[in-house]
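Presented below is the structure to which this report refers.
Within every chain, numbering begins at 1; the chains are lettered A, B, ... in the order of the sequence lines, protein sequences first and strands thereafter. Bear in mind the structure is a predicted one, so any value in this text is a computation, not a measurement.
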Amino acid sequence: MKNIIEASKLVFEYIHRDEEGNVEAIETALDHVDLEVKPGQFVAILGHNGSGKSTLAKNINALLTPSEGTLYVAGKNALEEENVWDVRKSAGMVFQNPDNQIIASVVEEDVAFGPENMGVPEDEIIKRVATALEAVGMTAYKDYSPNKLSGGQKQRVAIAGVMAMEPHCIIADESTAMLDPVGRKEVLKALHTLNKEKGITILYITHYMEEVTDADFVYVMEKGKVVMTGTPREVFSQVEKLEELRLSVPQITKLAYELKKSGVDLPDGILTKEELTQELKKLV
Amino acid sequence: MFKDITLGQYYPADSVLHKLDPRVKLFGTLIYIICLFSFKGPIGIAIILGFLAAVIILSKVPFKFMVKGLRGIVFLVIFAGLINLFMTNGDIIWEWKKLHITRQGLDNCILMTTRMVLLIVGSSVMTLTTTPNSLTDGLEKSMKPLNKIKIPVHDISMMMSIALRFIPILTEETEKIQKAQMARGAEFDGKNIIKKVKAMIPLLVPLFVSAFRRANDLALAMEARCYNGGEGRTKMHPLRYVKSDVVAYVILWIFLALVIAARILWVKVLA
């Protein structure tokens, strides 16, 4: 198995029907998308609302079935009905709204929900729940009601819930969009830790550019198509193209870009504050 | 008003009753209700009162907390009492114009009000000592035989626990919407009933829309985590009887037997 997620020429169409069932309009949400994710990578998908990035995530989790193309998740064909449960087991999904994805009234029981559905034996569930809560740093809250947690903590519980299913890959579908800056950092850190320490592949979907500077690979989507691909440095060095797509470049990159435009000798695609200060020091 | 109803509110404490299996408590409540409606004579009521008092002391829940639950139904109890008092035919002991009180009416009135009060206090002991979650677990497990006659027991209990999970979320949302509508000039407090009902519409419509949206999200999240109905599901903490549960069952059977014995004895004494 080379790639954990492999999509080629993936097409997904939302079909709107009128009351009699006649097709009124076809909306192409995914337009021949190619995607390759290697095991252990942290891959980011960028794009603003309506770019098709969430639709892509739902296809990878077999919540939606593509209309055309091929899609393999952990070696299983996601287009085949019989593979649905296997696909969901290997690619867990964390959603946007923290309140609407926690099912049980106690943190621990919610984390156990996935393995319970999979029919995992009792003592194994207890072990998995403990490991998953430990991995996201929520062990101290295991007996809490989810209502008493902050947004970032709730999302970490949701991540633990996916972790307990022992997937190869976690898809975070705009999981930080409804959080405050502190919560956003918490969740991002938890995902990076899982990626580095447990070797879990992460597919991170967002419209915040600042969050993806540490990613291994970036896809930028617009109107259902993949319009840019590359490492964060390669992608962010094309400031004009990104602005054309109405995506805001991280502030530091933008600053470096403006400095360069007005004559300061800087390389392309500066991502962090440290890099910028170092480059500027070189000049002085 | 909702604040006063203790029924369905959990009171956390570390007591024997809190630790009992929810199935035992459900069964106990059933036995208790049967006893309430089948006892006759002073010995019967004394046994029931003694049992209730013992249970309340064992539960470590403050008595005040239990009686609080009665506040919500005071009106109902008085109403039922009065109807029984004035509407029963029999030997008249007091009369004024069209109103009359009979001996049987007085008996019924006392019996009825005691039963209702004891019923509420007794069943709130169960809800005060059992978390809603273990209650649904207990219900699911003890209703399992109903699966055979095609009643979706697991689905019902799943719905119940999800409803419990979303009550605080939706309450918070209601408050938010209410404030948002008030900021735009909606009036929720007024004396006119029709106006009050009309004022609920801008509150309920957005609430329903959002509840449906949440339901949709939740269904997706459950599916993504491989939820596929009750079949083949395991549990992290399955219910299992321990020694104290068996003891509790024995005590419950003895209690039922005593109440029935007291009833038979009383009927003989009257004869």
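- Atom NZ of B/K25 has more than 12 heavy atoms from other residues, nucleotides or ligands within 6.0 Å.
- Counting heavy-atom neighbours within 6.0 Å of A/Y144 OH, excluding the residue itself, gives a total of 12 or less.
- Using a 4.5 Å cut-off between heavy atoms, A/A164 makes no contact with chain B at all.
- Within 6.0 Å of CH2 in A/W85 there are more than 12 heavy atoms belonging to other residues, nucleotides or ligands.
- A/P115 touches chain B through its backbone: at least one of N, CA, C or O sits under 4.5 Å from a heavy atom, while the side chain does not.
- No more than 12 heavy-atom neighbours from other residues, nucleotides or ligands sit within 6.0 angstrom of CD on B/E231.
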**Report entry** Working for side chain to side chain contact (heavy atoms under 4.5 Å, CB included), residues A/I103 and B/M222
**Finding:** CA-CA 8 Å; A/I103 291 111; B/M222 286 170 76; 3.6 Å; yes
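- In terms of heavy-atom pairs under 4.5 angstrom with chain B, the leader among A/S145, A/A91, A/G161 is A/G161.
- Using non-hydrogen atoms only and a strict 4.5 Å limit, the part of residues 159-180 of chain B facing chain A consists of B/S161, B/I162, B/R165, B/F166, B/P168, B/I169.
- If you take CD on B/E223 and NZ on A/K58, they are separated by 11.5 Å, rounding to the nearest 0.5 Å.
- Of the listed residues A/M118, A/E108, A/M93, the one with more heavy-atom pairs under 4.5 angstrom with chain B than any other is A/E108.
- The candidate from B/A224, B/G229, B/P238 with the greatest count of non-hydrogen atom pairs under 4.5 Å with chain A is B/A224.
- Among the candidates A/N61, A/N147, A/V84, the residue making the largest number of heavy-atom pairs closer than 4.5 Å to chain B is A/N147.
- Contact of the B/R225 side chain with the A/R88 side chain is not registered, since no non-hydrogen atoms from C-beta on lie closer than 4.5 Å.
- Proximity to chain B (any heavy atom under 4.5 Å) is shown, for A/I102, by both the backbone and the side chain.
- The parts of A/E109 that come within reach of chain B are both its backbone and its side chain, each placing non-hydrogen atoms under 4.5 angstrom from that chain.
- Using a 4.5 Å heavy-atom cutoff, the side chains of A/F113 and B/R233 are in contact.
- Ranked by non-hydrogen atom pairs under 4.5 Å with chain B, the options A/G92, A/P146, A/A62 are led by A/P146.
- With a 4.5 Å cut-off on non-hydrogen atoms, A/D110 touches chain B through its backbone and its side chain both.
- Counting non-hydrogen atoms of neighbouring residues, nucleotides and ligands closer than 6.0 angstrom, the OH atom of A/Y208 exceeds 12 such neighbours.
- Annotation: A/Y72, atom OH; neighbour count of heavy atoms from other residues, nucleotides and ligands within 6.0 Å does not exceed 12.
- In B/F63, the CZ atom is not crowded: 12 or fewer heavy atoms of neighbouring residues, nucleotides or ligands sit closer than 6.0 Å.
- Within a 6.0 Å radius of CD1 in B/I193, no more than 12 heavy atoms belonging to other residues, nucleotides or ligands are found.
- Scanning residues 121-129 of chain A against chain B with a 4.5 Å heavy-atom cutoff picks out A/E122, A/I125, A/I126, A/V129, ordered by number.
- A/D99 touches chain B through backbone and side chain together, each having a heavy atom under 4.5 Å away.
- Expressed to the nearest 0.5 Å, how far SG of B/C226 lies from NZ of A/K89 amounts to 6.0 Å.
- Only the side chain of A/F95 comes within less than 4.5 Å of a heavy atom of chain B; its backbone N, CA, C and O stay farther away.
- For the side chain to side chain contact (heavy atoms under 4.5 Å, CB included) test with B/L220, the passing option among A/L63, A/D173, A/N100, A/L64 is A/L63; the others fail.
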